[in-house]
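Each remark here refers to the structure printed beneath this line.
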Protein chains: 2
Amino acid sequence: MAGEQVHQHISKQFEQELESLRHRVLVMGGMVESQVADAVRSLLENDVALAEEVIANDYKVNAMEVEIDEKCTEILARRQPAARDLRLVLAVIKMIADLERIGDEARGIARQALDLGTRQPRKNQLGELEQLARQVRSMLHDALDAFARMDVDLALKVVEEDKVVDQEYETIVRQQITYMMEDARNIPIALDIMWSARSLERIGDRSCNICEYLIYYVKGKDVRHISLEQLEQEVQR
Amino acid sequence: MAGEQVHQHISKQFEQELESLRHRVLVMGGMVESQVADAVRSLLENDVALAEEVIANDYKVNAMEVEIDEKCTEILARRQPAARDLRLVLAVIKMIADLERIGDEARGIARQALDLGTRQPRKNQLGELEQLARQVRSMLHDALDAFARMDVDLALKVVEEDKVVDQEYETIVRQQITYMMEDARNIPIALDIMWSARSLERIGDRSCNICEYLIYYVKGKDVRHISLEQLEQEVQR
């Protein structure tokens with residue numbers, strides 16, 4: 001092959017590698033999404049078998065993180081990417097760390113489901129948690145969707161939603177404290193619900209992280225730790 | 001300069017860059033350590049001004065993370081490191097993310113200190129938290145020390161200590177639940193202590209992460225998500 005052709009061949013191969021890397025992240029994301037969905041369902045429907053399944057499946061998410069991480073290291077060592085390609089690999093390294101921790105939170109919720117066991121929470125205690133779970137799951141889904149479509153506007157929307165999730169979380173905590181104060185017999189259930197709400201709130205935070213890495217990748221600027229207004233300006237730039 | 005000399009010059013410069021990178025991580029680590037120490041002290045000694053200082057200083061830790069992260073990206077782009085040098089840069093990228101989150105946990109503890117305010121916890125309620133804090137701070141200190149000296153044996157020791165910290169955390173949670181059940185007026189204080197204990201337990205987990213990245217760097221093998229026995233074998237290899 002002539003020099004130019006060899007170059008084209010290599011760069012095509014490299015593109016495919018990056019594409020396959022993105023694909024793996026999305027597969028891992030899908031796995032984590034269903035772990036979160038199952039964990040929440042096990043808690044709301046008091047499904048012990050499902051909770052145990054979530055806990056048993058966590059190792060798959062961990063293994064996926066290690067596998068993708070190794071792939072990233074290999075690309076860095078072999079391809080020595082620059083500029084945008086380098087940013088993609090670095091964004092992926094950080095994203096999968098957050099996805100793995102979201103998997104840990106799902107396992108945590110499943111453990112709360114086991115702890116809740118046969119205790120009967122009040123209907124409205126779970127209702128609010130269900131609402132929080134719905135919002136957080138949609139944040140996670142949108143974060144992964146934003147990454148799939150490289151959509152910074154959607155990523156920004158996710159970050160904006162986090163404020164609402166934080167408020168709902170605070171509401172649930174205050175409410176559970178009230179139930180505890182009313183009757184000491186409510187304490188164990190209220191704590192299970194508080195811990196689960198906290199895990200959900202964390203999943204929301206981590207979905208935001210994923211969006212920030214995406215914005216970093218697309219825009220080439222680190223947007224962590226800046227205000228929402230600054231972030232909005234960066235995305236519009 | 002002759003070719004060989006130029007090469008030596010560049011590699012010397014590169015070595016200095018890596019050395020300066022390690023140095024910055026240790027400076028950031030020191031900053032995070034004192035944030036944790038101050039947060040714990042603000043809680044134990046009911047020092048509102050100190051708690052506010054910890055919260056106000058968190059941005060410095062965040063800024064340091066962004067700065068070191070940019071330096072890492074620059075090294076990857078300009079120096080295209082391989083093998084051990086590449087592993088160092090990747091380990092640093094992950095370490096500073098954990099250090100930043102430890103900073104967040106310190107801020108969380110300071111917030112609990114503000115929430116605790118002038119409420120008077122029982123003497124022994126804080127005593128156990130103090131003991132947990134002492135152990136977790138020593139884990140964090142040893143993790144940073146292990147990184148400074150590239151000491152995998154010390155890193156392993158930190159990971160081994162985490163089991164004890166987890167048990168102490170569980171003990172504190174169970175005890176606080178007992179206090180809550182005894183008297184509803186204990187609930188707010190008990191919750192503050194439980195959340196603070198949870199933050200400390202997380203700081204222990206993240207100190208372990210730092211040690212795992214160090215072992216990865218020195219040994220060239222990803223040691224996350226493996227059993228303690230497997231980890232011990234890896235380090236001895």
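Because only heavy atoms are used, hydrogens play no part in the values below, and waters and symmetry mates are left out as well, while side chains stay in. All chains are named by letter (A, B, ...) in the order of the sequence lines, taking the proteins before the strands, and each is independently numbered beginning at 1. Everything numeric here is computed off the predicted structure, so don't read it as measured data.
- Counting non-hydrogen atoms of other residues, nucleotides and ligands closer than 6.0 Å to CZ of B:Arg84 gives a total above 12.
- The parts of A:Ala77 that come within reach of chain B are both its backbone and its side chain, each placing non-hydrogen atoms under 4.5 angstrom from that chain.
- Other residues, nucleotides and ligands contribute more than 12 heavy atoms inside 6.0 Å of the CZ atom of A:Arg78.
- Using a 4.5 Å cut-off between non-hydrogen atoms, the part of residues 98-106 of chain B that approaches chain A consists of B:Asp98, B:Glu100, B:Arg101, B:Glu105.
- For A:Leu90, the part lying near chain B is the side chain, with the backbone staying farther off; criterion is any non-hydrogen pair under 4.5 Å.
- For A:Asn209, the part lying under 4.5 angstrom from a heavy atom of chain B is the side chain only.
- Of the inter-residue distances, the one linking B:Arg79 atom CZ with A:Gln80 atom CD reads 13.0 Å to the nearest 0.5 angstrom.
- Interface residues of residues 52-63 of chain A toward chain B, defined by a heavy-atom distance below 4.5 Å and sorted by number: A:Asn62.
- For the pair A:His225/B:Glu65, a side-chain contact is recorded, criterion being any heavy-atom separation below 4.5 Å from C-beta on.
- Looking only at side-chain heavy atoms (C-beta outward), B:Tyr216 and A:Asp69 stay at 4.5 Å or farther from each other.
- Annotation: residues 187-199 of chain B contacts chain A through B:Ile187, B:Pro188, B:Leu191, B:Met194, B:Trp195, B:Arg198 [non-hydrogen atoms, separation under 4.5 Å].
- Residues from residues 166-180 of chain A that place a non-hydrogen atom less than 4.5 Å from a non-hydrogen atom of chain B comprise A:Tyr169, A:Ile177, A:Met180, given in numerical order.
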